[in-house]
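Input: a single structure, listed below in structure tokens.
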Amino acid sequence: MGVKVGIGRRPRPGDVFPFASGRKPCGHPAPLWLDKKLRRAALRYPFPMRLKLSDVRAELPPLLHLAIPLIAGELGWVSMSLVDTVMLGHLPNPALAMSAAALAQVPFNVACFGLGGILLGLDTLISQALGARRQHEANRWLFHGILMAVALSALLTVLFVLTPLLMMRLPVDRAILVQAAPALQGLNYGTLPLLLYFTLRRYLQAQHHGRPIAFALVSANLVNAVGDWALIFGHQFRLGILTLRIPAYGVTGSSWATSFARLYLMLVLLIALWSGERKHQYGLRDSLRGRNADAQAATGRLAGRSGTPGRDKDGLRVNRRASLGWFQLSHLRQLFLLGAPAGASILAEIGIFALVTSLIATFGPLPLAGHEVALQCASTTFMVPFAISAATSVRVGHAIGRMRIGAARAGNVLAAGWSGIGSGALFMLCASVLLLTFPSRIAHLFTPNPEVVSAAVPLLLIAAGFQFFDGVQTTATGALRGVGNTRTPFLIQLLGYWGIGMPLGILLGFHEKLGAAGLWWGLLIALSSAAILLCLVWRHSTRALS
């Protein structure tokens, strides 16, 4: 393992840096980025290690093995929204229906994915616990994530009930608002299943079980498609002397189908978790009952190395009132502190697209319908690097956990991060070529309406320009999340999106009279600036590892 070194001298080949210096009051190692010695070392030794090709070749197979099922799953996820848009595009007034659906998704996606992003902290906590071979600790993070999901869903449900009161006051065409408000209520039925799905997915993918996630999302498309077909257009069936009639609910029916598909997603992952527990013996039931040495030490039932009851194995005091069986208040606090910046980062990114949607809505139904087509295409391509980002976060977290027990080198962490960033960027370059080559044909897949197609094509060309940067910024965020750094990506995205991109987009769209295209140029500027800064931060964070 080499010789442990401190801050007093420059590390030499074979040295091992002492990672366990930063510990929480509950006795668990802090995420790597929170270690003060490592941050001081990053400033003292400014030359990062070299990325070895052999490390990348060793890291790419397990990264892709985890990422490919997640990619299939994410494409399945976005396909539900694509199917909704395509079916609504074949209603008698497609521009109005597509605009109403887009506007209904704005508050839901911003609030649900923003607050639900707190659960992304589980990527770091569960993967690092598994990398350090602390299975019971990973189980307890799952239970605390479920508790957090239930609390967040209760808050969001109340928020979405009240949102239509504010929505009806927007300076938007009244015909759009009348259809958007009930559609938002339909989406609200899927809030709790969606957040529980987020939590269960974090645990399963950290265990490298990507196939159940992919199966759940791909099969959920069938559930959503059948629901859309039945509820959007309406049908009448004759069964003998009985006649079954399903009214045409339009945009509202589409939202009901989406919520039912999300309930199906949650149930499939619950079955996958139960099956994995029986097959691999994760010890979930024992962890839930607190039947393991870690939980007993944390509640003071066992004496630690200090030999003093009420302290953990490192002699640190434990608050008994904040710990009961598997539940520890400190776990919820740590999950919130780590996940809140990740959720805020998602909120900053989704929020800018939501604001652009709201601003384009003031131009009328036709520009908003074209924006919805281009946004669906950009969202589809984004799902691939987004899945790679999740896999990168897990692989980096595992490498950090293995480093703590001497089973991995710093080069493994570096290779995991850059392999993910490079894979995401390469795919998005290919997507950019596709959007540049066939913009009109792609728009025709959504609707035969020539006016909507004409409104979508210029936006698709701009989307082709930011594909590469979108892939880089999301995978770099995943790499930083793997080392426990969720705060810096949020600050960078806040600056790039809201400090640079959005003001320029508003200037181009309204002052320079470029309309929807001007706002999309602001998105391009925002994503490119965020991608460059996030890569620089990831490069800087690897100095501590060297």
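Just so you know, these numbers use all the heavy atoms, side chains as well, and skip hydrogens, waters and symmetry mates. Since the structure is predicted, the reported quantities are computational estimates derived from the model, not experimental observations.
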Check: Between atom CD of Gln467 and atom CZ of Phe382, what is the distance when rounded to the nearest 0.5 Å?
Finding: 10.5 Å

Can you give the donor-acceptor pairs under 3.5 Å from side chains of residues 151-163 to other protein atoms, not counting sequence neighbours?
from: Ser153; atom 1: OG; to: Ala149; atom 2: O; distance (Å): 3.2
from: Ser153; atom 1: OG; to: Val150; atom 2: O; distance (Å): 2.8
from: Thr157; atom 1: OG1; to: Ser153; atom 2: O; distance (Å): 2.7
from: Thr163; atom 1: OG1; to: Leu159; atom 2: O; distance (Å): 2.7

Check: Is the centre of the His65 ring less than 6.0 Å from the centre of the His208 ring?
Finding: no

Check: Taking C-beta and beyond as the side chain, do Pro385 and Asp470 meet within less than 4.5 Å on heavy atoms?
Finding: no

Check: What's the shortest heavy-atom distance between Ser127 and Ser393, and which atoms?
Finding: OG-O, 4.1 Å

Note to self: How long is the straight-line distance from CG of Leu480 back to SG of Cys535, given to the nearest 0.5 Å?
What the structure shows: 9.0 Å

Margin query: Checking the side chain of His144 only, and the main-chain atoms of Leu335 only, is there a donor and an acceptor separated by less than 3.5 Å?
Written below: no

Notebook entry, point to check: Between atom CH2 of Trp538 and atom CG of Asn485, what is the distance when rounded to the nearest 0.5 Å?
Noted result: 10.0 Å

Notebook entry, point to check: Taking all non-hydrogen atoms of both residues, which atom of Ala58 and which atom of Pro61 are closest, and how far apart?
Noted result: O-CD, 3.8 Å

Notebook entry, point to check: Does some side-chain heavy atom of Met502 sit less than 4.5 Å from a side-chain heavy atom of Val356?
Noted result: yes

Item checked: side-chain contact (heavy atoms from CB on, under 4.5 Å) between Phe143 and Leu284, worked out -> CA-CA 9 Å; Phe143 300 143; Leu284 288 169; 4.0 Å; yes

Next item on the list: Could you please spell out the steps behind the side-chain contact (heavy atoms from CB on, under 4.5 Å) verdict for Leu273 and Leu142?
Entry: CA-CA 11 Å; Leu273 184 65; Leu142 169 64; 4.0 Å; yes

Notebook entry, point to check: Do you know which two heavy atoms are closest between Val268 and Ala216, and how far apart they sit?
Noted result: CG1-CB, 3.5 Å

Note to self: With side chain to side chain donor-acceptor pair (under 3.5 Å) as the criterion, how do Gln376 and His371 come out once you've worked through the C-alpha distance, each side chain's angles and the decisive distance to 0.1 Å?
What the structure shows: CA-CA 9 Å; Gln376 289 295 337; His371 163 78; over 6 Å; no

Item checked: OG1-CD1 distance between Thr474 and Ile421, expressed to the nearest 0.5 angstrom -> 10.5 Å

Side-chain donor/acceptor pairs under 3.5 Å, residues 108-117, sequence neighbours excluded:
from: Asn109; atom 1: ND2; to: Gln105; atom 2: O; distance (Å): 3.3

Next item on the list: Might you confirm whether atom CH2 of Trp418 has over 12 heavy atoms from other residues, nucleotides or ligands at distances under 6.0 Å?
Entry: yes

Next item on the list: For Tyr197 and Arg262, run side-chain contact (heavy atoms from CB on, under 4.5 Å): C-alpha distance rounded to whole Å, both residues' side-chain angles, the deciding distance at 0.1 Å, then the answer.
Entry: CA-CA 8 Å; Tyr197 158 78; Arg262 287 168 178 171; over 6 Å; no

Checklist line | Contact summary for Gly351 and Trp498, nearest pair of heavy atoms | finding: C-CZ2, 3.5 Å

Next item on the list: Heavy atoms only: give me the nearest Ala416-Val396 pair and the separation to one decimal.
Entry: CB-CG2, 3.8 Å

Checklist line | Close side-chain approach of Met383 and Ile71, heavy atoms under 4.5 Å | finding: no

Notebook entry, point to check: What distance separates Ser259 OG from Asn188 CG, expressed to the nearest 0.5 Å?
Noted result: 7.5 Å

Next item on the list: For residues Phe353 and Ile350, determine if any side-chain heavy atom of one lies less than 4.5 Å from a side-chain heavy atom of the other.
Entry: no

Next item on the list: Could you walk me through whether Arg481 and Ser389 pass the side-chain contact (heavy atoms from CB on, under 4.5 Å) test, one step at a time?
Entry: CA-CA 9 Å; Arg481 190 165 67 245; Ser389 173; 4.1 Å; yes

Check: Taking C-beta and beyond as the side chain, do Gln205 and Asp123 meet within less than 4.5 Å on heavy atoms?
Finding: yes

Checklist line | Gap between atom CZ of Phe427 and atom CG of Leu429 - 0.5 Å precision | finding: 10.5 Å

Checklist line | Minimum side-chain heavy-atom gap Thr124-Val483 below 4.5 Å | finding: no

Item checked: Short side-chain to backbone donor-acceptor contact, Thr486 and Leu338, under 3.5 Å -> yes

Next item on the list: Would you check if the side chain of Gln128 reaches a backbone N or O of Gly482 as a donor-acceptor pair within less than 3.5 Å?
Entry: yes

Margin query: Whether the side chain of Gln207 engages the backbone of Tyr203 through a donor-acceptor N/O pair (distance < 3.5 Å, no angle test) should be reported.
Written below: no

Check: Quick one: does Leu217's side chain get under 4.5 Å of Leu265's, heavy atoms only?
Finding: yes

Margin query: Between Thr475 (side chain only) and Val472 (backbone N and O only), is there a donor and an acceptor less than 3.5 Å apart?
Written below: yes

Next item on the list: Give me the ring orientation class for His209 and Tyr282: parallel if the planes are under 30° apart, tilted from 30 to 60°, perpendicular past 60°.
Entry: tilted

Check: Taking all non-hydrogen atoms of both residues, which atom of Ser529 and which atom of Gly496 are closest, and how far apart?
Finding: OG-CA, 3.7 Å

Check: Heavy-atom distance under 4.5 Å between the side chains of Ile213 and Leu70, does that happen here?
Finding: yes

